[in-house]
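Just so you know, these numbers come straight off a predicted model, no measurement behind them. Hydrogens, waters and symmetry mates play no part in the numbers below; they use all other heavy atoms, side chains included.
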Amino acid sequence: MGQTTAFRKSVIKPVILVMGEINSLYEARYIHGTAGKGTFTFYGGHDPEDYRHLVGDPPTDLELHPNSPGYRLILNNILFPSAKKKKQKT
C-alpha cells in the first residue's frame, strides 16, 4: 500500500545508529548519525495520514492532521536538537 522509504542495512556505515528496523526485510527505517559539525535523523516509512501518497501527488495538507504522531516525531527531531536550554533564574 503506497510507497515506503528505507535504507538497506548492508550499506549503512557502522557509525550510524539504527533506531528502527525491519529485520525480515533487512531495512532500517529510522537512523541517526553525525555529519561534519551537525547531526541528521532520517525517519522513513510512509505518509502517516495518506498511505496511498505517490510521487507527483500534491503534498498532504498538514493543517488537517495537527496531531499526527508521524509528523510530531519528524518535527521533534528537527526542532528539539537545535533548541538551547535557557538559564534558570533560581
Close side-chain approach of Val18 to Phe7, heavy-atom, < 4.5 Å: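 A side-chain contact under 4.5 Å is absent here.
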Test item: Phe40 and Thr34 side chains (from C-beta on) under 4.5 Å apart, heavy atoms: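 Side chain of Phe40 against side chain of Thr34, heavy atoms only: no contact under 4.5 Å found.
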CZ-CD1 distance between Phe42 and Ile16, expressed to the nearest 0.5 angstrom: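 One finds 12.5 Å between CZ of Phe42 and CD1 of Ile16.
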Approximate separation, where rounding is to 0.5 Å, of Met19 CE and Ile31 CD1: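 Rounded to the nearest 0.5 Å, the CE-CD1 separation comes out at 8.5 Å.
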Cluster check Ile12, Ile22: I/L/V/M/F/W/Y, side chain < 4.5 angstrom: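 No.
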Salt-bridge contact Glu21-Lys9 (side-chain N to carboxylate O under 4.0 Å):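 Answer for the salt bridge query: yes.
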